[in-house]
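One structure below.
The figures here come from the full heavy-atom set of this structure, side chains too, leaving out hydrogens, waters and symmetry mates. What you are looking at is a predicted structure, and each value in this text was computed from that prediction instead of being measured. Letters go in sequence order (proteins before strands), and every chain restarts at 1.
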There are 2 protein chains.
Amino acid sequence: MADVNVSTLPISPKGAGKADDSQGNEGIPAVELIELLFFAYRDFVGDADELLARLGFGRAHHRVVHFVNRHPGMRVADLLAVLKITKQSLGRVLRELVDNGYIQQKAGDTDRRERLLYVAPKGEELARQLVALQTRRFARAFNECGPGARAEARKFLASMIDPESREEVERLISRANAKK
Amino acid sequence: MADVNVSTLPISPKGAGKADDSQGNEGIPAVELIELLFFAYRDFVGDADELLARLGFGRAHHRVVHFVNRHPGMRVADLLAVLKITKQSLGRVLRELVDNGYIQQKAGDTDRRERLLYVAPKGEELARQLVALQTRRFARAFNECGPGARAEARKFLASMIDPESREEVERLISRANAKK
DNA sequence: GAAAATAAGTCAATATGGCTGACGTAAACG
DNA sequence: CGTTTACGTCAGCCATATTGACTTATTTTC
């Protein structure tokens, strides 16, 4: 898949490339990390895109199925808060998932205004497949990186999150894990 | 900014959460990494989004300015290959950047069909600011992670890229670095 | 018990950033 | 000279997001 036709890029000089190579950055300029993260993320989501496209879904559907699977019984408002999108944006995606039998809604016990969200068997299976795809990518990466890399990566990724939201994300993750 | 209303999420059980906690994954299920990468990338691009929005630009403009700045004199076809989008998609974005004086085009010396792309001073400054923003995030993260984390992260990110494109990405990066 | 607040859904309009297909122009190649 | 290449552009479509206004059902509050 030789897509990037690097062979034709010129090698000529031109200013403003470096700048932060001086202090303790282990000889790795941030701009390299920026680009690697860009390409890594693209391939990471690309795994799922293929499978989703076959079902007529997009990334928005992926996010909904993923988080509902991880937090069964979450409210619509919770989902909006996690995804940081608007009610209107969620609307179509959620409707499609419900109509096609991937997500179920149930009125809340104590507050019947709430429509609690659950994955239907179809949705659970889809979520499982999507996680499996991306799990495989992580497994391959850590296999190449050697022992300890997984823990290091976990710390690194958490540190990349805005400090203000980091605690919430960690709470979100541990709550989801607690649900087994 | 307590956006994720975690406090209201139920703690009740429900199947299909774990599955890969058995073998050598250092007690860190991949699903955690999946979510951390999702949130990390969102905040990572969020840095830039704010600045871009003030200029009436989006992420597409960001990518163009970034890569043209890193590879001055690259051809339109090269840019398309890197971004993996179509000529038509690039069209509007590139025109806006040229019209607003961020990008310059020059006919190729030996092949005058080529429109070689260069950042104008305005574009170079914008690229610099965008890199600076994201550099700050990386710096903060590695400061929290301790020594060696930068090199570990570099290896990890590279390993997350599709094996078939990894070499090309590395070549792309080293060519850009060579231009200083 | 009436009024206010809340949870969710919906309609309409708009923006962004992708896509495909078709076509045009200029220049290079053979 | 004819073909291919590099680039641009027109037209239309789709997915995902936005804002603002409004409805419905229900709960909370006074």
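- Going from atom CZ of A:R112 over to atom P of C:dG9 covers 15 Å, rounded to whole Å.
- Rounded to whole Å, the distance from CZ on B:R113 to C1' on C:dG24 is 15 Å.
- The distance from atom CZ of B:R75 to atom P of C:dA26 is 20 Å, rounded to the nearest whole Å.
- DNA chain D is contacted by both B:V76 and A:F57; B:V76 maps to the nucleotide lying nearer its 5′ end (nearest heavy atom per residue).
- Per the geometry, CD belonging to A:Q88 stands 8 Å off C1' belonging to D:dG20, to the nearest Å.
- Atom P of nucleotide C:dA7 and atom NZ of A:K87 are separated by 10 Å, given to the nearest angstrom.
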Trace of the ring pair (Phe, Tyr, Trp, His ring centres under 6.0 Å) decision for A:F44 with B:Y41
CA-CA 11 Å; A:F44 168 71; B:Y41 192 79; 9.1 Å; no
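- Here A:S89 reaches the OP1 or OP2 of D:dT18: one of its side-chain N or O atoms lies under 4.0 Å away.
- Distance, B:L79 CG to D:dG8 P: 10 Å, rounded to whole Å.
- As judged by a 4.0 angstrom heavy-atom cut-off over every strand, A:G91 is placed among residues making no nucleic acid contact.
- Summarising the geometry, the separation between CD on A:E114 and P on D:dT24 is reported as 21 Å, rounded to the nearest angstrom.
- Heavy atoms of B:E96 sit nowhere under 4.0 angstrom from any nucleic acid atom.
- Distance A:L94 CG to C:dT10 P: 9 Å, rounded to the nearest Å.
- OP1 or OP2 of D:dA17 has not a single side-chain nitrogen or oxygen of A:T86 nearer than 4.0 Å.
- Residue B:Q105 places none of its side-chain N or O atoms closer than 4.0 Å to OP1 or OP2 of D:dC7.
- In this structure, B:R92 reaches the bases: a heavy-atom distance under 4.0 Å links it to at least one base atom across the strands shown.
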